[in-house]
Every structure is written in C-alpha cells, then in structure tokens.
Amino acid sequence: MTPEALALCVRGAVLAWLTESGLSVDLPAEFKLERPKSREHGDYATNIALALAKPAGLPPKAIAESLAPKIAEIPGVGAAEIAGPGFINIRLDSDALGQTAQIIVAAGAEFGTGQALAGRRINVEFISANPTGPLHLGHTRWAAVGDAIARVLVAAGAQVSTEFYINDRGVQLDKFGASVMAAAHDQEIPEDGYQGAYIHDLAAAIVIARPSIKELPIEEQFIAFREAAYALQLKQQQQVLEQFRTSFDLWASERALHESNAVEHGLELLREQGHVYELDGAVWLRTTDFGDDKDRVLVKADGEYTYFASDTAYYVNKRERDFDLCIYLLGADHHGYVNRLRAVAACNGDQLDQVEVLIGQLVKITRGGEEVKLSKRAGNIVTLDELVDEVGVDAARYSLIRYPVDSPLTLDLEVITLRTNDNPVFYVQYAHARIASVLRNAAELGIDWRNLHFIAGLLSHERENELLGALAEFPRVVAGAAELREPHRVARYLEDLASIYHRFYDSCRVLPRGDEDLTPEQVARLWLCAATRQTIFNGLQLLGVSAPDRM
RNA sequence: GCCCUCGUAGCUCAGUCGGAUAGAGCGACCGCCUCCUAAGCGGUAGGCCAUGGGUUCAAUUCCCGUCGAGGGCACCA
C-alpha cells in the first residue's frame, strides 16, 4: 500500500466519521499524513485530530480516540494509536507494506514520476553566460542545478524547455574580439579587454585555420576575429556542457532576436498593453507599476536598444511559444533583476507569478582554506572543464546539487580533489553497486527471483520495514523537489535511502550461504533489493549522476 | 540610505509552507569482516537552532527589531 493510497483511505475514514458525528466541518487544509521522524511513531502519522480540533470545537484527544478505531479498520492498517497531543500513529501490516517492493519493480524507470505538474509548460533558462570565455565555477552551479531542476520537473509531468540565452551582441563581444585580435598580432591586450591564456589560444587557433585573416583591412579583420572567436568559444562552452551532461533544448541568440525583429515585435506588444512611454528622448517601460524600484529604459536616447529590451523580447518570445511559466536561474549578483523580470511579465499582461526567479548564492572557492578570487578578465579562473578533469562529472554535479541554491557554497579544491572518497556521491553509488552485486550473485546461483513467488508479508524485519517505508516516499520526494524547484531534496533522500539500505544489508542476509536452500524470505528480500536498486538508479538519473554496477 | 539572501555541533552543511526527544558527513574516541562489495555497520562525545520581542495549543520554522556575513541598487553589458 502506497502512502498515496493510504492517504485516500484515511481521508475517506475521516469524512465518514464527520458525517456520522453530525459535524458539518470540511476536511482541514492542514490535514497531513507523513512519515514520522521516529520509527516509534509508526509507519505514518496524521495530525488530523489536531487540525480538526478548532473547527469541530472538540479537544484533539477526544477526536483522536473516536477516529483511531475507524482508521484501524482500513484494510492493510495493522494499528492506529493515539500519541502526543493528538497524533494518530498508523502501522501497516507487513503484507501491505511489503507490496511496495513489487510495485516498484513493476514500475521500473517510471517509479517516482508523477502528475503533480501535468499540463504545465515550463521554460527554464540558466547559465546564459557571455560567449567571451570558458564557463567558470559560478556557471557550474547552475549547469548542474538547472539541469537537475529540469529533469525533476519532467518527472513531475511538466513539459519543459531548457534554454541558454547567448549574449552574442554588444560591447562585451566587441571587447572580446578586439582582445583576440590583439593577441594574434602579439600586441598588448586593451586595458578593458579580456586577459588570460585562452585568449591567446583562440587567437592562435583562428590564425592557423585562416592565415590570411591578418592581412584583412582592419575593420573587416576585427569582425572576422570577433566572429571566429565567438564561434569557437560558443562551441567550446557547448562541448563542455555536453560532457557535463547538461543539455539545452534551445540556444537562444540575442543577435537572432534582433535580426528577426523580435525585439521590435516585443516592444510593440508592450506598447499595446500601455506600459511604454517616452521621456527625454528615451523609450521606457513602466515597471514601477508592478513592484520595480524604477522604470527601465528600452531604447536609449541615441536610438540603441538596451539589453533590457532584448531580455524583454525574449520573454515575449517565450510566452508566444506557449510557456505558462518562465523560470530564471540567476546568481546573487543579479538579484536586482528579479523585480524587473516579474514586472515585464505583468507589463505583458501576465501574472507576476508566471515568472519565477531562483537566486543562487555564488560559489566560493578555496584552495587549502585560502580563497581564490575569480575574475575572468584577470584570467584567474577555475573553469568547469578543469573541475570536471579533477573530480569527474559525477562528483562535481553531485556536490553542486546537494545543497539548496540559496545557501552559500564553499568548495575547497583540495578537499574536493584529494578526498573524493568522502563525497556522499560515492556513498550513494556504493549502495547501488552493492545491490547490483547481490543481484548478480543471485543470477550466478541460478536464482530467477522475478519468476519466483513473492510473499510480501515475509518482509517483516524492522530493517525491512524501514527500507520499504523509505522507498515508498520517493514519489513524494520527487514531486516536492519539482514543486519547490529544489533538486537537492532528491540527493538528500538518496543519502538517507542508501544509509537505510546499508543497515538492512547489515542485518538481513539476502542470499543463501554455502549449500543452504533458498527460502521464500530470501526471495522476498531479492525483490526488496531490486526495488531499492531501481529507486537509487531513478534518483541518480534525476541528478544526472551515474549509477555504477561495480565500484 | 533602500532592497535581496544567509546566521543550526569544532569544520562543511541538512531540516524550517508551525508539530511529538534538532540530524548527517568530516574530525575525536571505542567496537564489528571464517559469511552476499568494510567505499559498510554499531556505539561514545559534541547544540541557549545569532539575539530580543510578538502571534499560536505548539516556533529552529511565521512576523517585527538588533547584531553579524555576503550581494545588489546605471539611458553598463
């Protein structure tokens, strides 16, 4: 019996009780059925009596005493006890609990997916780095978390597009082009240009591919360098992200927005909505109508579009592609954009909450306890590909995803490189490998557990009970992670699950020893192992982390 | 000055849309492999959940103030 099924039964029992008692009270919204922290409090606990106390005008304990017997009558429920201020603690029959293993094995890769966000079309934009250099650690956090959020949203039933907005237009790109050109001519790189070895590498690669480039007229040459450097750098970013298992459904070019007149089109739509005005020769968007600090300029007095204009156009474009929710992942250094982005939605005639901005604290890097300052222009950078080279994709992704994004994250390069065995990712992966090994050994012994009779009620050991309960929580964890946009919940859950499995493994022998015969209990345990392996696999999949069969 | 995020064990951090004794890893100490992966398991030690108020049957969680840390307030990109 799944928690969802039990919740429905409890709800039914409560409604029946209310009718019977002649109380015209609705089921309170605070009604919860959850897994209590302590096993002593049963498999599940509900606060229904506490929540009902006020509307019903009765003491919680009295309600609980009257309600508990009704809950105890639900098929599959072994006991319903009153505890504390009025909680009802529910214990399932081991038969009802044990069925979970079979349900999970049958669901396979689908276990954990659900319909919590069915019908939603969600656009997730993240990283959106300038194509003027390699991706560094600041981007890395979003590469891992953004991708995991998208995976979790999909698992919850949403239709998702992941997008990377390329700022391939404007002053920064020009400075980048000028820097590469200067490097190609062995000239000093301009003061406000981009420094760093990668500029020289790009310059060399461009000259090798097209030696005649240095003979072009200066204006033409500058554009040629800029375009070639841009193409190479973008490709490099794309390759690194692919290696990092972060994929995008759309790489949206700012330049393309301008070339296709999408910017003018967006401006036109906002004008129709009546929030655009002119002042001092510039064109403004009245974002202060919707909570922004100040109005924002769309077109400067000199006729140039601002970045904000393209951002706005991109938003309109997303809405025209029928996304009903646009999620932006931004670093804490961009939190000033939150109100204006939401205001853009409102100015477009949408609801404020159709834009959701997740602000992530920046990743602080230390090396042996000493802070490493990141500065792209100074060339002092720790890049995504360097991190991956040092610790591998699994450890890098996992250690970035396992923390909520609004908590500051400090990664010590020495720790993450020298002490990889301490990384929880290995703990989780080890549990998976361990189970894979047990299942492998079973196969070698000729045990075809899938075709042997599974008796759910035999899984009655305390540790089995604990494991089954934890497994049954997985769909709720995934749904919660999706709804709250917090994929770290999946990682923490997996760590718990791995720990519970290890404890089970420690107490419960799965395979027959020596020449012993296989028992029905061991068959049931093999199903339980298979269910656990599947759940860990599915969870790691959501994080983009591999689930090895051997370690 | 205004705004955002944060303040939990020695260290790195979970938990917090209010719930029953506050958790993990690392570090310290003590145990467990003739048996399915010891990258594992069990145990000990370590806390005024920054601080002062408020709301509530119940606050680490919600609200306000204070202190501390980080970040932001462009006709920049």
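Naming: A, B, ... by sequence-line order, numbering from 1 per chain. Note that this is a predicted model, so its numbers are computed, not measured.
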* Any donor-acceptor N or O pair under 3.5 Å, side chains Asp168(A), Tyr230(A) -> yes
* **Leu497(A)/Leu467(A) under side chain to side chain contact (heavy atoms under 4.5 Å, CB included): CA gap, chis, key distance, verdict** => CA-CA 7 Å; Leu497(A) 182 60; Leu467(A) 182 53; 3.8 Å; yes
Using a 4.0 Å heavy-atom cut-off, does [X] contact any base of the nucleic acid, only the sugar-phosphate backbone, or nothing at all?
| X | value |
| --- | --- |
| Asp280(A) | base |
| Asn89(A) | base |
| Tyr403(A) | sugar-phosphate |
| Ala442(A) | nothing |
| Leu279(A) | base |
| Ala332(A) | sugar-phosphate |
| Asp292(A) | nothing |
| Arg402(A) | nothing |
| Ser437(A) | base |

Starting from [atom2] on [N], measure out to [atom1] on [X] and report it in whole angstrom.
| X | N | atom1 | atom2 | result |
| --- | --- | --- | --- | --- |
| Glu278(A) | C75(B) | CD | C1' | 13 Å |
| Glu304(A) | C76(B) | CD | P | 10 Å |
| Asn423(A) | A39(B) | CG | P | 16 Å |
| Phe426(A) | A38(B) | CZ | C1' | 17 Å |
| Leu409(A) | G25(B) | CG | P | 20 Å |
| Arg141(A) | C13(B) | CZ | C1' | 12 Å |
| Asp168(A) | A77(B) | CG | C1' | 13 Å |
| Gln361(A) | G72(B) | CD | P | 11 Å |

Using the [atom1] atom as the reference point in each nucleotide, state the distance between [N] and [M] in Å, no decimals.
| N | M | atom1 | result |
| --- | --- | --- | --- |
| G18(B) | A58(B) | P | 15 Å |
| C62(B) | C26(B) | P | 30 Å |
| A20(B) | C13(B) | C1' | 25 Å |
| U16(B) | G23(B) | C1' | 13 Å |
| G47(B) | A59(B) | P | 23 Å |
| G72(B) | A77(B) | C1' | 16 Å |
| U21(B) | G25(B) | C1' | 22 Å |

* Asked: Any side-chain hydrogen bond (donor to acceptor under 3.5 Å, both in side chains) pairs touching residues 275-287 of chain A, not counting sequence neighbours?
  -> Tyr277(A)-Asp295(A), Thr287(A)-Asp292(A)
* **Pairs meeting criterion side-chain hydrogen bond (donor to acceptor under 3.5 Å, both in side chains) with involvement of residues 434-449 of chain A, two or more places apart** => Arg434(A)-His502(A), Asp448(A)-Asn451(A)
* Using 4.0 Å as the upper bound for N to carboxylate O, is an ion pair formed by Arg525(A) and Glu464(A)? -> yes
* Asked: Between Arg91(A) and Glu81(A), is there a side-chain N and carboxylate O pair less than 4.0 Å apart?
  -> yes
* **Most 5' of Glu40(A) and Ile359(A) on RNA chain B, judged by nearest nucleotide** => Ile359(A)
* Structure fact -> Sorted by position of nearest nucleotide on RNA chain B, 5' first, the leading residue of Asp293(A) and Gly170(A) is Asp293(A)
For [Y], does its backbone N or O pair with a side-chain atom of [X] as donor and acceptor, under 3.5 Å?
| X | Y | value |
| --- | --- | --- |
| Arg397(A) | Leu543(A) | yes |
| Arg509(A) | Leu511(A) | yes |
| Thr306(A) | Val299(A) | no |
| Ser38(A) | Glu40(A) | yes |
| Tyr493(A) | Ala470(A) | yes |

* Measure up the Tyr165(A) and Tyr314(A) rings against each other and bin them: parallel (under 30°), tilted (30 to 60°), perpendicular (over 60°). => parallel
* To do: Would you sketch RNA chain B in dot-bracket for me? Only Watson-Crick or G-U wobble pairs with both distances under 3.5 Å count, crossing pairs as [ ], other-strand pairs as |, the rest as dots.
  => (((((((..((((.....[...)))).(((((.......))))).....(((((..]....))))))))))))....
What are the atom names and distances for every N/O pair under 3.5 Å that joins the protein to nucleotides 15-19 of chain B?
residue: G15(B); atom: OP1; partner: His488(A); partner atom: NE2; Å: 2.6

* State which of C36(B), A39(B), A77(B) makes the closest approach to the side chain of Lys300(A). => A77(B)
* Closest nucleotide among C36(B), A14(B), C4(B) to the His335(A) side chain -> C4(B)
* Contact list for RNA chain B against residues 497-511 of chain A - heavy-atom distance below 4.0 Å -> His502(A), Arg503(A), Tyr505(A), Asp506(A), Cys508(A), Arg509(A), Val510(A), Leu511(A)
* **Any Tyr337(A) side-chain nitrogen or oxygen under 4.0 Å from OP1 or OP2 of G71(B)** => no
* Hey, could you give me each pair passing salt bridge (charged side-chain N to carboxylate O under 4.0 Å, His left out) that has a residue in residues 480-498 of chain A? Not counting sequence neighbours. => Glu356(A)-Arg485(A), Arg402(A)-Glu495(A), Glu486(A)-Arg489(A)
* Asked: Going through the checks in order, is the side chain to side chain contact (heavy atoms under 4.5 Å, CB included) test met by Asn167(A) and Leu173(A)?
  -> CA-CA 8 Å; Asn167(A) 295 128; Leu173(A) 197 67; over 6 Å; no
* Asked: On a plain distance test, is the side chain of Ser407(A) in donor-acceptor contact with the base of U5(B) below 3.5 Å?
  -> no
* Taking syn as any angle within 90 degrees of 0 and anti as the rest, which one fits C33(B)? -> syn
